[in-house]
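Below is one structure, written out as structure tokens; the observations come after it.
Just so you know, residue 1 is the first one in the sequence shown, and it goes up from there. Order of listing sets the numbers, starting from 1, for every ligand and every atom in it.
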Amino acid sequence: MQLTDLVYLRCPICHTALRLHIGNGIHGSVRCASNTHTYDIRQGILDLLTAPRPSSLAAWSNEFALTAWAYERLWRPYALRIMSGTAFDYDREQAILAEAITAPRGLVVDIACSNGLYARFIANAYPSAAIIGIDRAMPMLIEAQRRAVAARLPISYIRADARALPMSSGVAAGIVIAGSLNEMEDLPRVFAEVARIAAPTSTLVNMALTQATTFFGKIIQAALAPGGITFFDPDTIIAQFVHTGWHIQASTITGIVWFVRATRTGA
Ligand SMILES: [Zn+2]
């Protein structure tokens, strides 16, 4: 956790400012300005999560260390290819992201960051940006932190819930959501929180998986559905973005991989 990033955060319970209480950004604790709530920093990760345990199977599977290990190594590279019937490698994803998030100043938030793939893309492209990745699953965050430390990228990883983001209102210059809407519950609350933390000139990039059209893709998606992974009709999501104040700048679908870029201003 980069302690300079505390300025963007607020207590998820009483919404007052957070400051370092004991220790440092590796091991220590932060406390809110009302002096009521204290949160630990362990292995460089700030744990702000006090919400109930995840209820869907996809969210539960993210709680396991093996899932965290396999996510970027297996699930991301292979599942996308099988379900979409087309190659979609990280270089291509990184290029799309770099084009969408141009020279951000201030804070970029990676929402439900998993192993921090997008957070690292942005940290590599824009070393002066402050980057916070949040996720509910500690094993995912530990793997994300390990990868960021190995790559010497100053990313702050925080355990928090996308339905109650720990950022102050209007602080995020950029927001990225990489595939995680497919695994989230209560999307209207997530969209409301994303809109709340967005700065007036903010850019949002969302990658999500749409309904498959190939034979094998449909079979795999049917098998994943009971586990809490939803595959979208993009128009439904676009309507929710527009409803919460975003202007859609671009929307492209490759296979089942859907990217949408939106801004607050429409400019
Ligand atoms: Zn508090």
Side-chain angles (χ1 to χ4, degrees), residues 1-56 59-60 62-63 68 104 106-114 116 119 129-145 148 154-177 180-181 183-200 202 204 244-245 264:
M1 155 106 232
Q2 307 295 311
L3 294 176
T4 47
D5 290 343
L6 283 173
V7 69
Y8 300 113
L9 302 178
R10 68 181 199 181
C11 175
I13 299 172
C14 70
H15 300 172
T16 60
L18 292 175
R19 56 173 182 252
L20 185 68
H21 177 52
I22 293 171
N24 53 43
I26 312 282
H27 294 288
S29 63
V30 301
R31 181 170 280 184
C32 65
S34 72
N35 265 329
T36 342
H37 308 109
T38 307
Y39 304 96
D40 288 339
I41 302 172
R42 284 184 295 244
Q43 300 180 62
I45 298 161
L46 173 60
D47 189 353
L48 295 179
L49 192 59
T50 54
R53 304 288 287 176
S55 58
S56 83
W60 268 113
N62 291 340
E63 290 285 318
L107 175 67
V108 179
V109 181
D110 184 349
I111 293 186
C113 60
S114 297
I131 299 159
I132 295 177
I134 72 136
D135 204 286
R136 282 191 299 185
M138 189 55 86
M140 286 287 191
L141 292 169
I142 290 170
E143 176 75 9
Q145 172 78 358
I155 301 167
S156 291
Y157 288 110
I158 299 173
R159 186 166 182 245
D161 195 310
R163 297 167 296 183
L165 290 171
M167 289 85 196
S168 304
S169 299
V171 293
I175 298 167
V176 297
I177 311 174
S180 29
L181 289 184
E183 297 181 17
M184 283 182 187
E185 307 129 33
D186 201 359
L187 283 182
R189 265 178 75 190
V190 175
F191 282 110
E193 279 293 88
V194 167
R196 180 184 64 76
I197 68 164
S202 185
L204 176 139
T244 51
R264 297 303 283 176

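Between Gln145 and Leu141, every side-chain heavy-atom pair lies at or beyond the 4.5 Å cut-off. Using a 4.5 Å heavy-atom cutoff, the side chains of Ile134 and Met167 are in contact. Arg159 has its side chain out of reach of Leu48: every pair of non-hydrogen atoms, C-beta onward, lies at least 4.5 Å apart.
Every side-chain hydrogen bond (donor to acceptor under 3.5 Å, both in side chains) that Thr36 has, sequence neighbours left out, goes to Ser34.
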Item to check | CA sep, side-chain torsions, deciding dist, call: Ser202, Arg264, side-chain hydrogen bond (donor to acceptor under 3.5 Å, both in side chains) | outcome: CA-CA 6 Å; Ser202 185; Arg264 297 303 283 176; over 6 Å; no

Checklist entry - Taking it one step at a time, do Arg10 and Ser168 satisfy side-chain hydrogen bond (donor to acceptor under 3.5 Å, both in side chains)? => result CA-CA 6 Å; Arg10 68 181 199 181; Ser168 304; 5.9 Å; no

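Protein contacts to the Zn ion (ligand 1) involving N, O or S atoms at a distance below 2.8 Å are Cys11 SG, Cys14 SG, Cys32 SG, His37 ND1.
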